[in-house]
Amino acid sequence: MKLTVSTWNINSVRLRIEQVGRFLAEHRPDVLCLQETKCPNDVFPLKALQSFGYPFVVHMGQKGYNGVAILSRYPFSTTSVMEMCGRADARHITVTLTEAKGASGITIHNFYVPAGGDIPNPDLNEKFKHKLQFMDELRAWGGRSKPTGAPAILVGDLNVAPLENDVWSHKQLLDVVSHTPVETSALEALRGEAGWIDAMRHLRPEPEKIYSWWSYRSPDWAAANKGRRLDHIWLSGDLAGSLRAMDVTRETRGWERPSDHVPVTVTLEL
DNA sequence: ATGGTAGCCCCGCTA
């Protein structure tokens, strides 16, 4: 069977509920992971999302900030939420698919790593310190794919552009949060140690430029094209051979009132 | 360590 999994930082799921519907109608992924839903649980637009053909939905939100959700066309079993850095932030949610033929047993982790503020110094900036601590905890956790051998997919807005060609100018962004050496080396180390495969780069290696985010602060994002690859899809090693396709849906950035992130999708043949 | 825009929902905080 084919399994397609998408990730999208939606930056308010309520404001952009129609855009979610349009993306789902046009691309029909089996699973969509959202970040920055910015929505408390009691006002989460569950019915609207289910009406798009995704009956199985889990979400964890809070007022105004953060928030993650997973929509699926297939059933999944127990879901869980990890509390990172001792905070009740809604930055992680996970499901395990149960009734999808070849995809049964695959666990999908959806993460929203802290952006980290503006100053790349943990002593001067509490938010950057939080981001580094979050990555330390990710590293210690690992994903459990290696010890158990169970297939897993990790997606999300990891808020780090790890490679030189994941940003519009490597040199100009070396001091900019999301591309500093301390962040890029931490992300690559924790990915490698746990045996995760970077699915996007597996299919489209450097030096091709790949971006998934363009700042709202750029007046003409498309012409300037000063993007960064902040959104990622990682596969446990046993799934690497099943990877068939990867797509960055750049066009959503040009929609009316867009998210600053665009969806990233992988297709697996299981 | 510039300023720029966007979303939250009360206006400053986070991105």
Side-chain angles (χ1 to χ4, degrees), chain A residues 7-20 23 33-45 48-49 59-69 84-92 110-135 155-162 166-169 171-184 187 211-232 250-264:
Chain A
T7 179
W8 193 7
N9 179 321
I10 195 64
N11 188 18
S12 176
V13 68
R14 282 179 292 176
L15 188 69
R16 276 180 263 282
I17 188 71
E18 304 87 352
Q19 297 192 30
V20 175
F23 172 74
C33 298
L34 297 172
Q35 304 86 35
E36 278 207 89
T37 52
K38 290 189 172 178
C39 180
N41 289 333
D42 56 350
V43 288
F44 184 83
L49 294 169
H59 58 94
M60 181 52 62
Q62 61 186 97
K63 194 169 86 176
Y65 307 106
N66 310 326
V68 286
M84 308 290 287
C85 304
R87 305 186 188 206
D89 292 356
R91 294 183 177 275
H92 169 260
N110 179 15
F111 279 99
Y112 175 48
V113 174
D118 290 329
I119 305 159
N121 181 331
D123 298 322
L124 302 178
N125 174 8
E126 199 59 40
K127 292 197 280 282
F128 194 70
K129 190 172 164 187
H130 178 209
K131 183 178 196 174
L132 295 182
Q133 189 190 343
F134 195 103
M135 283 197 282
V155 311
D157 176 5
L158 305 185
N159 264 316
V160 177
D166 293 339
V167 293
W168 62 276
S169 169
K171 281 184 180 162
Q172 288 179 252
L173 288 175
L174 276 170
D175 291 329
V176 175
V177 171
S178 75
H179 195 62
T180 65
V182 63
E183 295 168 83
T184 58
L187 193 77
Y211 311 139
S212 65
W213 172 90
W214 293 261
S215 173
Y216 284 128
R217 298 172 189 174
S218 177
D220 193 347
W221 71 275
N225 199 25
K226 293 184 173 179
R228 304 178 203 171
R229 185 171 73 109
L230 303 180
D231 303 275
H232 299 268
R250 194 180 200 266
E251 71 207 51
T252 67
R253 187 62 178 79
W255 290 355
E256 189 78 23
R257 295 251 279 171
S259 169
D260 46 353
H261 294 253
V262 301
V264 179

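Quick caveat: nothing in here was measured; it's all calculated off a predicted structure.
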*With P as the reference atom in both, quote the distance from B:dG3 to B:dG7 in angstrom, rounded to an integer.*
22 Å

*Would you classify A:Phe128 as touching base, sugar-phosphate or nothing, given that sugar-phosphate means primed atoms plus P, OP1 and OP2, and contacts are heavy atoms under 4.0 Å?*
nothing

*Segment of DNA chain B, first to last nucleotide, that comes within the 4.0 Å heavy-atom reach of chain A*: B:dA1 to B:dA15

*Under 3.5 Å, is there a donor-acceptor pair between the side chain of A:Arg228 and the main chain of A:Trp213?*
no

_For B:dC9, does the O4'-C1'-N9-C4 or O4'-C1'-N1-C2 angle fall within 90° of 0, making it syn, or is it anti?_
anti

*asked:* Distance check, P atoms only: B:dC8 and B:dG4, in whole angstrom units.
replied: 22 Å

*First of A:Ser12 and A:His261 reached from the 5' end of DNA chain B, by closest nucleotide*: A:Ser12

*Give the intermediate values and the outcome of side-chain contact (heavy atoms from CB on, under 4.5 Å) for residues A:Met135 and A:Glu183.*
CA-CA 8 Å; A:Met135 283 197 282; A:Glu183 295 168 83; 4.1 Å; yes

*Gap in Å between the two P atoms, one belonging to B:dA1 and one to B:dT5, rounded*: 22 Å

*asked:* Taking salt bridge (Lys or Arg N to Asp or Glu O under 4.0 Å) as the definition, give me every residue that meets it alongside A:Lys226, ordered by chain and number, with sequence neighbours left out.
replied: none

*Test item: side-chain donor near acceptor, A:Asn41 and A:His59, under 3.5 Å*: yes

*Tell me, with the steps shown, if A:Phe23 and A:Trp8 meet ring pair (Phe, Tyr, Trp, His ring centres under 6.0 Å).*
CA-CA 10 Å; A:Phe23 172 74; A:Trp8 193 7; 5.4 Å; yes

*Report the C-alpha separation of A:His130 and A:Asp89 in whole Å, then their side-chain angles, then the decisive distance to 0.1 Å, and conclude whether the side-chain contact (heavy atoms from CB on, under 4.5 Å) test is met.*
CA-CA 12 Å; A:His130 178 209; A:Asp89 292 356; 3.8 Å; yes

*If you pin A:Pro120 and A:Asn11 to their nearest nucleotides in DNA chain B, which one's is more 5'?*
A:Pro120

*asked:* Just to be sure I understand the rule, does A:Arg228 reach a base, reach only the sugar-phosphate, or reach nothing, if contact means heavy atoms closer than 4.0 Å?
replied: nothing

*Counting any heavy atom closer than 4.0 Å, what does A:Ile119 reach on the DNA or RNA strands: base, sugar-phosphate only, or nothing?*
base

